[in-house]
2 protein chains.
Amino acid sequence: MAQSDTVDRILDAAEVLFAERGFSETSLRMITSKAGVNLAAVNYHFGSKNALIHAVFARFLTPFSDTLERAFDDLEQRCNGKPPTLDQTLRALTESAVRMPQRNDRGISIFMRLLGLAYTQSQGHLRKFLEQEYSQPFGRFMRLLKEATPQLTAVDRYWRIQFMLGATAFTMSSSDALRDILQNKLGVATTVQEMVARLVPFLAAGMQATDPMQLAVSKPSVA
Amino acid sequence: MAQSDTVDRILDAAEVLFAERGFSETSLRMITSKAGVNLAAVNYHFGSKNALIHAVFARFLTPFSDTLERAFDDLEQRCNGKPPTLDQTLRALTESAVRMPQRNDRGISIFMRLLGLAYTQSQGHLRKFLEQEYSQPFGRFMRLLKEATPQLTAVDRYWRIQFMLGATAFTMSSSDALRDILQNKLGVATTVQEMVARLVPFLAAGMQATDPMQLAVSKPSVA
DNA sequence: AGTTGTTTGAAACATACGTTTGACAGGTAG
DNA sequence: CTACCTGTCAAACGTATGTTTCAAACAACT
């Protein structure tokens, strides 16, 4: 075969190492030696380390983006006319993520962790790449959120969406470690699906909390 | 003065650059040139780059830790006997953070961003340092959380605390960027204090959401 | 002043990084 | 067979990093 599996070996190794150690802390030499390929292969097949990072994200984000669009289509059709509820919208998102075809058990964890890193590590090129590549499903999700929370002001909604993103990205990005700790501390084994099932009500409740400024204004710091 | 201000110049520069770019992405040469000191000064005064990172955290985390302990003391005394509520506990934390003596306007932002990075960037040495240095106030906070949410199972509480940490750390770690976006998009200027005031009700509501494992269709209620 | 211990300074060190090079193998087509 | 494209390989390149060195400057004290 002309296109050997070198490209996939590199992507597999890179995705695991990036998830474990972050982008700057993972060298091309680590990746290529884990993949069992020559160092020059990365620059030959991808052009640069940044392009490899983009390729790692594109490989799982593009199918996920398609799955998500279809989930939103289904959801809006089921609601015919009426805007979907917040809970429905969140579930469409999380179930799309959890149901993505996984290469193995750790697939979903790596997926999550990478998403967390993408938001967290201030890699300018990555953010730019993701924004202009996946702006459509992201924008659609935002629109659904807006329609599901008409009671919120734009500013309130903005901040609460950030809080949601944070809780999600952070939990995802350390989901493995958190599950391990839980196993050791309380002797409870947890699946990623259960974790997500716990996350959604938390987010929905936070998103729909009573007016935050009411509390803040009525109690202006007792300095 | 024997001990010149070299140490403080380095800490000032390092704290700003770390907050802006992360740890790995900030070189000692950037720090020393911003501080206007010789490159060797870092290794002379601190020993290593990692030790400098620890010193940056210790400089604001130690006073914060003390302030927090006193805030908890006050709180428990005011409640004499009864365990403080979740809202009271969270406010004791956030108000201690916001009221820390700041060197300048950006002080609180940098403080927040660094805390976010500490959780986010998987620097093993940093996590170890923070754990063994500030385990006491952290443990006390966890104990207060437990007493404030007796209705939760240990597992539920564990996950929800992670969600809270995530929303907080993430928002903190990009608080500057998020405030800028809000300014540009909606023309609204926000202080860090307002941001925190919005965060607390979100966290409290999520923390007290109805049982996550039962299927909620819509309508999550808040306490 | 002279001595001692501390702090700075310019330069070098060893190492690791991303990237490039050029030689070489394998298959395909003319 | 020759010519050619594609992919692999070992080696090197240039640069940036954290750290070390050692002499000079400084401060404090007798």
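As a basis for the values below, the full set of heavy atoms in this structure was taken, side chains included, without hydrogen atoms, waters or symmetry mates. Proteins come first, then strands; the chains are lettered A, B, ... in the order of their sequence lines, and each starts at number 1.
A centroid separation of 6.0 Å or more is found between the aromatic rings of F64(B) and Y134(B).
The phosphate of dT8(C) (OP1 or OP2) has a side-chain N or O of T6(B) nearer than 4.0 angstrom. A sub-4.0 Å separation between OP1 or OP2 of dT6(C) and a side-chain N or O of H45(B) is absent.
At a cut-off of 3.5 Å, with distance as the only test, a side-chain donor of S24(B) or E25(A) sits close to an acceptor on the other residue. With hydrogens and angles left out, the side-chain atoms of T190(B) and R179(B) include no donor and acceptor closer than 3.5 Å.
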## Note on the structure
Letter by letter from the 5' end, nucleotides 15-25 of chain D scores (B base, S sugar-phosphate only, - none; protein heavy atoms under 4.0 Å) --BBBBB----

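Legend: salt bridge (charged side-chain N to carboxylate O under 4.0 Å, His left out) pairs involving residues 60-72 of chain A, not counting sequence neighbours, sorted by first then second residue: E69(A)-R140(A).
F138(B) has its side chain out of reach of E131(B): every pair of non-hydrogen atoms, C-beta onward, lies at least 4.5 Å apart. Using a 4.5 Å cut-off on side-chain heavy atoms (C-beta onward), N38(A) and Y44(A) make no contact.
Rounded to whole Å, atom P of dG18(C) lies 13 Å from atom CD1 of I10(A). Between the CZ atom of F46(A) and the C1' atom of dT20(C) there is a distance of 18 Å, rounded to whole Å.
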